[in-house]
Amino acid sequence: MNFKHRAGHSQPNYKTVRQRLTAHATEAMCTGCHKITDPMGLALENFDTIGGFRDTENGAQIDTAGRT
């Protein structure tokens with residue numbers, strides 16, 4: 001299993017959760033589940049870990065658009 005795209009905040013190329021999860025799309029082992037669960041989770045991405053509303057993450061605009 002390749003963890004190079006894991007959701008660590010130390011990855012300068014992947015500032016938002018959406019960007020980090022999009023990187024998973026290149027890994028066949030990850031895509032099967034992520035294509036189902038990501039749209040639901042990304043819809044709530046404007047809320048941080050304690051429920052505070054935010055428009056940006058690490059200086060990048062948050063995109064909550066998606067389809068299920």
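Quick caveat: nothing in here was measured; it's all calculated off a predicted structure.
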Going by the side-chain contact (heavy atoms from CB on, under 4.5 Å) test, name the single residue among N58, T22, L42 that passes it with V17. L42

Can you pull out every side-chain hydrogen bond (donor to acceptor under 3.5 Å, both in side chains) where at least one residue sits in residues 39-53? Sequence neighbours excluded, please. E45-R54

Write down the atom of P39, the atom of K35, and the distance for their closest heavy-atom approach. CD-O, 3.6 Å

Does A60 have any side-chain contact (heavy atoms from CB on, under 4.5 Å) partners at least two apart in sequence or in another chain, and if so, which? K15, T16

So CG of D63 and CD of Q19: to nearest 0.5 Å the spacing works out to 9.5 Å

Evaluation steps, side-chain contact (heavy atoms from CB on, under 4.5 Å), between R18 and I62: CA-CA 8 Å; R18 181 179 292 275; I62 294 174; over 6 Å; no

